[in-house]
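Step one of this worksheet: look at the structure below.
Start at 1 with the first residue, then count along the sequence. Note that these values count all heavy atoms, side chains included, but never hydrogens, waters or copies made by symmetry. Since the model is a prediction, treat every value here as computed from it, not as a measurement.
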Amino acid sequence: MSITAKDAASRSRSEISISKGWVQGVALVLIFGFFVMGVLAYRTYSDSMPLPDRVVSESGEVVFTQEDITRGQNIFLSRGLQQYGSVMGHGAYLGPDYTAEYLRLSSEHINEQLDEEGVQDPAIATAQMQRTNRYDEQTGTLVLTDEQISAFEANLAHYTGFFGEPTTVNGLIPDAITDPQEVHDLTAFYAWTAWASAAERPGLDYSYTNNWPAEPRVENHPTADILVWSAISLVALLVGLGVLFGLYGRWSSKLGWKGNDTTALRFLQPGRVGITKAQKSTAWFFLVVAVLFLIQSTVGASVEHYRVEIQGFFGFDLAQIFPFNLARTWHVQLSLLWTAASFLAAAIFLAPIISGREPKGQHYLSYGLLGALALVVVGMFGGTAISIYGPDWAKGSILFTQQWEYLDLPRMFQILLTVGLALWFLIIFRAIRSRLRTESKFNMPWLFLYAALAIPAFYAVGLLATNESHLTVAEFWRFWVVHLWVEDFLELFTTVMVAYIFVMLGVVRRKIAIQIILLDVILYSAGGVIGTMHHLYFSGTPVEHMALGAVFSALEIIPLTFLTVEAWTFLQLGARQESRTTAPFPHRWSVMFLVAVGFWNFLGAGVFGFLVNLPIVSYYQIGTALTANHAHGSMMGVYGMLGVGLALFALRYIVKPEKWPDRLAKLSFWSLNIGLAWMVFATLLPLGVLQLWASVSEGYVEARSLGYLNQTENLALEWMRMPGDVLFLIGGILPFLYITWLGVRHAIPATVTRMEPETLFVQEHSEAREDRTGDAPSSSDSAAAPAVGASRYASDRRRGDEREDGARS
């Protein structure tokens with residue numbers, strides 16, 4: 001009976017390197033998490049705060065319509081106002097929260113009206129009027145009282161003056177919005193969100209936003225759910241940590257980073273490792289990464305300066321040409337683009353080492369991807385600037401209309417970025433396809449591919465959040481990108497790449513690396529998937545979003561605690577092998593950046609994230625400096641440090657050894673980390689605590705006001721940030737930029753298309769052919785590749801892992 005090539009390939013495929021229990025655990029966690037998210041998606045569509053067809057007076061006169069609200073939302077987004085202030089707590093922090101502000105202004109106006117009418121207790125009457133729900137679900141009609149309509153007209157006059165201000169006193173361009181219809185629609189959008197924040201849900205005693213914002217004028221106070229679920233989330237965290245440490249104590253010998261201590265290895269030195277054309281092309285990616293990093297941080301400095309001098313950037317009225325909302329848009333978008341670009345380039349660099357070969361013409365695809373990235377960046381710069389300035393010819397265009405915060409780039413370039421990420425996935429698949437044929441579906445190459453696939457797949461979910469979507473629905477899908485894409489699947493891809501790097505260096509064995517990856521999936525996804533809902537406590541969703549979001553977001557601290565426990569072992573992996581070999585470890589500063597990732601993951605994402613995620617804390621602080629503190633500590637501390645670390649790892653092999661500036665890598669590491677710590681501890685954290693105190697004691701509207709931000713003690717804290725910013729820019733980014741320039745200017749020639757898979761080392765003692773675990777040595781360390789000996793070593797090492805699994809089972 002003949003055997004087909006497919007059958008032969010199937011029979012020669014490597015067996016899975018670990019117990020199938022790990023795979024089953026991952027499957028259960030993901031199935032459960034996304035099943036619950038599916039239920040919550042259904043509830044988001046079916047039971048979010050209603051969007052009325054018509055808003056009318058008691059006599060039936062139309063005040064505004066659903067179309068007006070939707071147009072107002074589109075104006076709010078396209079003119080970059082979510083990157084100036086916020087609505088329902090989400091957005092930027094210089095301007096007010098328009099939901100809270102409208103609710104305050106309208107309530108004060110109603111109180112004055114009732115007082116003039118001779119109502120005995122106008123404060124109580126105002127609260128009752130605002131909390132009474134006059135929405136008729138059958139007809140889609142919302143009825144407002146005469147006092148509420150008068151308040152709408154007063155607020156319309158207020159926003160006409162605010163957005164028509166002929167100067168830059170607010171940090172916006174002069175005469176930002178002057179069209180009366182646009183201001184009317186914008187006010188209608190704010191009025192709708194404010195109505196939902198006070199009107200009680202049918203049959204319940206709290207509003208559609210769970211009584212957010214805190215506003216005593218309408219009797220908005222923390223609900224029982226907010227208090228109870230805050231307490232339960234703390235209990236869940238304590239139980240989860242107890243389980244973690246219990247399991248770690250029981251199976252510490254099998255969990256975490258465990259070095260390959262059975263054999264002394266000699267790391268292949270830079271200059272003795274051949275690189276392919278596609279690998280060499282990544283030097284251009286990293287140069288672009290460094291340039292974007294520099295621009296992003298410089299723009300960030302201007303964003304910060306607006307908080308101390310709105311009309312004076314060291315004597316220059318910057319808002320005349322570069323208003324706050326444009327600066328913050330670029331700052332946020334570039335933070336996503338340069339870190340993502342570094343990840344893409346690192347994966348392209350690692351792919352040939354994973355597969356042992358590079359397909360013909362791969363470098364052309366790599367350069368094509370770089371061109372697509374450049375087009376997205378240019379489109380983001382130009383499109384958002386034109387959208388914020390708002391010329392009539394650009395309105396409604398998919399090339400120029402800005403979108404939701406973090407998804408700001410115009411629709412066309414969001415689609416192009418999604419296509420670019422899909423192209424990148426195909427590049428990776430093409431590079432490792434031959435290796436995939438020989439491996440089990442749950443071995444390292446396949447895990448690398450799955451993690452890569454999640455990057456375009458979950459970014460594409462953001463396409464469901466359009467400018468015309470119901471606000472609550474758009475927030476649901478937007479945070480799939482902001483949270484689920486960034487804080488779960490980028491974390492997974494991070495772990496896969498870091499684990500693979502250590503496998504390639506021989507520092508950890510494949511089985512340990514796979515266990516780390518799958519453990520990461522289980523721990524992060526157990527809390528991170530459903531924990532996405534902690535962003536939607538007050539966005540008009542049903543209360544179960546808050547209940548589940550609070551509990552599961554608390555569980556997100558568990559994997560970060562585990563990483564902290566393992567940080568010392570992680571730090572010692574390279575040094576441990578270096579002490580046993582004659583060859584130095586070539587990636588000291590790359591590994592130091594990875595260690596910094598672990599530190600900031602725990603502090604920025606874990607501690608600072610948990611601080612703002614508790615419902616009772618979030619109720620008072622959402623949209624304040626504590627949110628910014630968490631964002632900077634986690635985004636720059638985790639993904640920024642990782643992006644730089646991955647770049648240094650690849651560039652160490654690309655740059656000619658004699659040109660490598662190790663001291664500049666050291667300077668960049670310490671300057672970036674000290675500068676970020678300065679930013680966090682000198683300004684953002686203390687300012688956030690003070691702002692939280694003001695929100696609780698004085699009021700949320702007061703804590704978000706420009707008057708509060710301009711108080712002397714707050715201005716002093718803002719100015720204290722400057723030394724850290726200077727160190728970050730000059731001592732941190734400029735040396736990194738120079739190193740990336742060396743990667744382009746002084747790269748070694750691309751000389752190979754084939755190499756030994758997963759092998760950047762040889763065994764120190766070539767006469768020892770095989771140890772008890774099956775990890776066999778190699779005697780070759782040629783310049784282009786470790787040749788036959790390393791190939792046999794890699795093959796024997798895999799067989800050794802499989803034999804050990806069989807013996808244990």
Verify the distance criterion only: is there a donor paired with an acceptor across the side chains of [X] and [Y] at less than 3.5 Å?
{"X": "Thr70", "Y": "Glu67", "value": "no"}
{"X": "Glu61", "Y": "Ser59", "value": "no"}
{"X": "Gln403", "Y": "Gln414", "value": "yes"}
{"X": "Thr99", "Y": "Thr193", "value": "yes"}
{"X": "Thr329", "Y": "Gln402", "value": "yes"}
{"X": "Glu101", "Y": "Tyr159", "value": "yes"}

What is the distance from atom [atom1] of [X] to atom [atom2] of [Y], rounded to the nearest 0.5 Å?
{"X": "Glu147", "Y": "Asn111", "atom1": "CD", "atom2": "CG", "answer": "11.0 Å"}
{"X": "Thr167", "Y": "Gln311", "atom1": "OG1", "atom2": "CD", "answer": "5.0 Å"}
{"X": "Leu204", "Y": "Asn210", "atom1": "CG", "atom2": "CG", "answer": "9.5 Å"}
{"X": "Leu81", "Y": "Gln73", "atom1": "CG", "atom2": "CD", "answer": "12.5 Å"}
{"X": "Trp477", "Y": "Leu484", "atom1": "CH2", "atom2": "CG", "answer": "10.0 Å"}
{"X": "Trp212", "Y": "Ile622", "atom1": "CH2", "atom2": "CD1", "answer": "6.0 Å"}

>> If the test is side-chain hydrogen bond (donor to acceptor under 3.5 Å, both in side chains), which one of Asn325, Thr384, Asp408 qualifies with Trp330?
In response: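 Going through the options one by one, the only one that passes is Thr384.
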Is there side-chain contact between [X] and [Y], with at least one heavy-atom pair below 4.5 Å?
{"X": "Leu684", "Y": "Arg721", "result": "yes"}
{"X": "Phe538", "Y": "Met88", "result": "no"}
{"X": "Ile386", "Y": "Pro391", "result": "yes"}
{"X": "His221", "Y": "Pro216", "result": "yes"}
{"X": "Leu142", "Y": "Val56", "result": "no"}
{"X": "Asp53", "Y": "Thr139", "result": "no"}
{"X": "Thr178", "Y": "Phe163", "result": "no"}
{"X": "Arg478", "Y": "Glu405", "result": "yes"}

> Could you give all pairs that pass the ring pair (Phe, Tyr, Trp, His ring centres under 6.0 Å) test and reach residues 133-158, with sequence neighbours left out?
Replying inline: Phe64-Phe152, Phe152-His184
Between [X] (side chain) and [Y] (backbone), is there a donor-acceptor pair under 3.5 Å?
{"X": "His109", "Y": "Leu105", "value": "no"}
{"X": "Ser86", "Y": "Gln82", "value": "no"}
{"X": "Thr160", "Y": "Leu156", "value": "yes"}
{"X": "Thr401", "Y": "Ser397", "value": "yes"}
{"X": "Gln333", "Y": "Tyr406", "value": "yes"}
{"X": "Ser46", "Y": "Tyr42", "value": "yes"}
{"X": "Ser230", "Y": "Ile616", "value": "yes"}
{"X": "Thr168", "Y": "Gln320", "value": "no"}
{"X": "Tyr537", "Y": "Asn613", "value": "yes"}
{"X": "Gln148", "Y": "Thr145", "value": "yes"}

>> Name the residue from His545, His534, His535 that meets the ring pair (Phe, Tyr, Trp, His ring centres under 6.0 Å) definition with Phe479.
In response: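 In the set His545, His534, His535, the residue that makes a ring pair (Phe, Tyr, Trp, His ring centres under 6.0 Å) with Phe479 is His535.
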>> Going by ring pair (Phe, Tyr, Trp, His ring centres under 6.0 Å), Tyr190 matches just one of Tyr102, Phe162, Tyr98. Which one?
In response: Tyr98
Compare every heavy atom of [Y] with every heavy atom of [X], then report the nearest pair and how far apart it is.
{"X": "Leu94", "Y": "Asn170", "value": "CD2-O, 4.2 Å"}
{"X": "Ile110", "Y": "Ala151", "value": "CG1-CB, 4.1 Å"}
{"X": "Leu536", "Y": "Phe476", "value": "CD2-CA, 3.7 Å"}

> What residues form a side-chain hydrogen bond (donor to acceptor under 3.5 Å, both in side chains) with Glu309, not counting sequence neighbours?
Replying inline: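 Residues passing side-chain hydrogen bond (donor to acceptor under 3.5 Å, both in side chains) with Glu309: His305.
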>> Please enumerate all residues that pass side-chain hydrogen bond (donor to acceptor under 3.5 Å, both in side chains) together with Thr466, with sequence neighbours excluded.
In response: Ser469
>> Walk me through whether Leu690 and Leu717 qualify under side chain to side chain contact (heavy atoms under 4.5 Å, CB included).
In response: CA-CA 11 Å; Leu690 289 175; Leu717 286 172; 3.6 Å; yes
>> Could you work out, with ring pair (Phe, Tyr, Trp, His ring centres under 6.0 Å) as the rule, every residue matching Trp229, not counting sequence neighbours?
In response: none
Test of understanding: with side chain to side chain contact (heavy atoms under 4.5 Å, CB included), list the residues that count as partners of [X], not counting sequence neighbours.
{"X": "Ala554", "result": "Ser233, Leu237, Phe610"}
{"X": "Val218", "result": "Leu103, Ser107, Gln130, Ala198, Glu215, Asn220"}
{"X": "Asp121", "result": "Ala123, Ile124"}

Please list all pairs meeting salt bridge (Lys or Arg N to Asp or Glu O under 4.0 Å) that have one or both residues in [range], counting only residues at least two apart or in different chains.
{"range": "residues 689-707", "value": "Arg104-Glu702"}
{"range": "residues 167-196", "value": "Arg71-Asp185, Glu182-Lys395"}
{"range": "residues 38-50", "value": "Arg43-Asp47, Arg43-Glu544, Asp47-Arg201"}
{"range": "residues 134-146", "value": "none"}

> Could Arg307 and Tyr93 be counted as a cation-pi pair, given that NZ or CZ must be under 6.0 Å from the ring centre and within 45° of the axis?
Replying inline: no
> Got more than 12 heavy atoms from elsewhere within 6.0 Å of OH, Tyr45?
Replying inline: yes
>> The test is side chain to side chain contact (heavy atoms under 4.5 Å, CB included); show your working for Arg411 and Leu463 and say whether it passes.
In response: CA-CA 8 Å; Arg411 189 73 168 178; Leu463 294 170; 4.0 Å; yes
> Do the two ring centres, one from Trp195 and one from Trp192, sit under 6.0 Å apart?
Replying inline: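 That pair fails the under 6.0 Å test.
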>> The criterion is salt bridge (Lys or Arg N to Asp or Glu O under 4.0 Å); which residues satisfy it with Glu200, sequence neighbours excluded?
In response: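 Checked Glu200 against salt bridge (Lys or Arg N to Asp or Glu O under 4.0 Å); matches are Arg131.
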